[in-house]
Amino acid sequence: MVLPWALAVLSLIPLLDAQSPACANLTAVAPITNATLDRLSGKWFYIGSAFRNPEYNESARSIQAAFFYFEPKHAEDKIILREYQTTGNKCVYNSSSVTVYRKNGTLSTYGTVVPPPCSHQRLSPPESGREHFADLLLTKHPKTFMLSASWNGKKNVGMSFYADKPEVTQEQKKEFLDAIKCIGIHESEITYSDEKKDLCGPLHMQHEEERKKEEEGS
């Protein structure tokens with residue numbers, strides 16, 4: 001949660017309202033409620049993505065594996081993001097926050113050019129980066145979600161797919177493929193992650209043990 005974002009967001013709601021069968025199972029979330037945030041809470045795996053934006057596409061292709069935790073803060077309209085990404089045969093950990101724009105159903109973070117919602121490379125501080133946005137899309141499966149964005153119209157559309165497990169069912173994958181088709185991207189343009197290449201297991205275990213000790217000590 002890559003995460004991945006844009007300088008300006010073109011809402012997909014008009015597109016999803018079209019009578020295309022490929023768009024039938026998608027729900028553009030607006031507004032984002034506390035119940036929506038609760039659904040996003042927990043551990044997620046980056047499954048795959050497709051971007052027409054060259055910079056985002058290049059970044060996505062460098063990702064070997066990635067997983068992250070979302071911890072919503074309802075009162076602050078933000079989500080604490082803890083991300084573990086394997087790229088270049090190295091594990092990169094990043095902790096940051098995601099801003100929630102409830103009314104228009106978008107999420108944002110600051111940083112360099114990256115696919116949402118994860119940084120997929122270390123985020124720069126707000127003053128040295130720019131704000132990247134993504135539309136939140138929910139499927140009929142509560143254990144998957146997607147983020148989409150558009151840069152300057154259809155020429156730069158993109159979408160990323162996330163699940164609560166590193167592997168998805170054929171039915172879940174079909175929803176992603178339908179969504180990709182819905183925004184006009186061919187299946188051959190999708191880049192998938194590979195859990196077998198994950199190198200963040202030891203660091204993740206270390207962090208979980210530290211968190212457990214902190215909770216026991218508080």
Side-chain angles (χ1 to χ4, degrees), residues 1-12 28-34 36-63 65-87 91-138 144-152 156-163 191 193 200 204 207:
M1 107 354 289
V2 101
L3 53 295
W5 316 86
L7 293 176
V9 173
L10 178 65
S11 175
L12 283 184
V29 183
I32 294 176
T33 65
N34 285 348
T36 307
L37 295 178
D38 289 339
R39 173 171 169 171
L40 294 177
S41 179
K43 185 178 182 179
W44 297 94
F45 292 86
Y46 165 68
I47 303 300
S49 62
F51 297 97
R52 289 285 173 79
N53 181 288
E55 294 172 285
Y56 277 62
N57 189 45
E58 182 180 354
S59 179
R61 290 183 181 279
S62 72
I63 302 165
F67 62 91
F68 57 94
Y69 288 86
F70 268 168
E71 183 184 345
K73 300 293 183 181
H74 295 171
E76 302 172 45
D77 287 343
K78 72 177 182 179
I79 302 172
I80 302 302
L81 168 66
R82 293 185 289 117
E83 177 197 11
Y84 298 82
Q85 178 211 336
T86 301
T87 181
C91 174
V92 178
Y93 171 72
N94 181 55
S95 178
S96 59
S97 65
V98 177
T99 301
V100 179
Y101 293 93
R102 291 178 179 260
K103 187 175 180 179
N104 60 10
T106 62
L107 307 176
S108 81
T109 188
Y110 281 92
T112 53
V113 176
V114 289
C118 310
S119 68
H120 299 326
Q121 55 183 287
R122 268 183 205 284
L123 292 179
S124 304
E127 60 271 14
S128 62
R130 67 172 185 255
E131 192 171 12
H132 301 281
F133 297 86
D135 290 328
L136 173 63
L137 303 176
L138 298 182
T144 63
F145 73 93
M146 291 176 260
L147 291 172
S148 77
S150 173
W151 304 264
N152 301 319
N156 283 310
V157 293
M159 184 172 290
S160 50
F161 183 40
Y162 309 89
T191 299
S193 64
C200 290
H204 174 245
H207 287 172

Side chains of Val98 and Leu107: closer than 4.5 Å at any heavy-atom pair?
yes

Going by salt bridge (charged side-chain N to carboxylate O under 4.0 Å, His left out), name the pairs with one or both residues in residues 65-80, residues two or more places apart or in two chains.
Glu71-Lys73, Glu76-Lys78, Asp77-Arg102

Is any side-chain heavy atom of Thr109 closer than 4.5 Å to a side-chain heavy atom of Thr99?
no

Begin with the C-alpha distance, continue with both residues' side-chain angles, and end with the deciding distance and a verdict on side chain to side chain contact (heavy atoms under 4.5 Å, CB included) for Thr86 and Ile63.
CA-CA 6 Å; Thr86 301; Ile63 302 165; over 6 Å; no

Which heavy atom in Leu147 sits nearest to a heavy atom in Ala134, and how many Å separate them?
CB-CB, 4.1 Å

What about Phe161 and Tyr46, are their ring centers closer than 6.0 Å?
no

Would a distance-only check, ignoring hydrogens and angles, find a side-chain to backbone donor-acceptor pair under 3.5 Å from Ser148 to Gly158?
no

Taking atom types as modelled, is there a side-chain donor on His204 or Tyr69 under 3.5 Å from an acceptor on the other?
yes

One should read off an interatomic distance between Leu81 CG and Ser97 OG, to the nearest 0.5 angstrom, of 8.5 Å

Do Ile32 and Leu40 have side chains that approach each other closer than 4.5 Å (heavy atoms only, starting at C-beta)?
no

Is the shortest side-chain heavy-atom distance between Met146 and Leu138 below 4.5 Å?
no

Quick one: list whatever passes side-chain contact (heavy atoms from CB on, under 4.5 Å) with Glu58, sequence neighbours left out.
none

With rounding to the nearest 0.5 Å, note down the distance linking CD in Gln85 to SG in Cys200.
8.0 Å

Any residue meeting ring pair (Phe, Tyr, Trp, His ring centres under 6.0 Å) with Phe45, in chain and number order, not counting sequence neighbours:
Phe67

When rounded to the nearest 0.5 angstrom, what distance separates CD in Glu83 from OG in Ser96?
7.5 Å

Give the minimum heavy-atom separation between Ala30 and Lys103, together with the two atoms involved.
CB-O, 3.8 Å

Could you go through Ser41 and Phe70, starting from their C-alpha distance and side-chain angles, then the distance that decides it, and tell me whether this counts as side chain to side chain contact (heavy atoms under 4.5 Å, CB included)?
CA-CA 5 Å; Ser41 179; Phe70 268 168; 5.6 Å; no

Looking at every heavy atom in both Ala163 and Thr144, which two are closest together, and how far apart are they?
CB-CG2, 3.9 Å

Report the C-alpha separation of Ile79 and Leu37 in whole Å, then their side-chain angles, then the decisive distance to 0.1 Å, and conclude whether the side chain to side chain contact (heavy atoms under 4.5 Å, CB included) test is met.
CA-CA 8 Å; Ile79 302 172; Leu37 295 178; 4.0 Å; yes

Parallel, tilted or perpendicular for Trp44 and Phe145, by the 30°/60° rule?
perpendicular

Should Asn57 and Arg52 count as side-chain neighbours, where that means a heavy-atom distance under 4.5 Å?
no

Any donor-acceptor pair under 3.5 Å linking the side-chain atoms of Thr36 with those of Thr33?
yes

The test is side chain to side chain donor-acceptor pair (under 3.5 Å); show your working for His207 and Tyr93 and say whether it passes.
CA-CA 10 Å; His207 287 172; Tyr93 171 72; 4.6 Å; no

Under a 4.5 Å cut-off applied to non-hydrogen side-chain atoms, are Leu137 and Met159 in contact?
yes

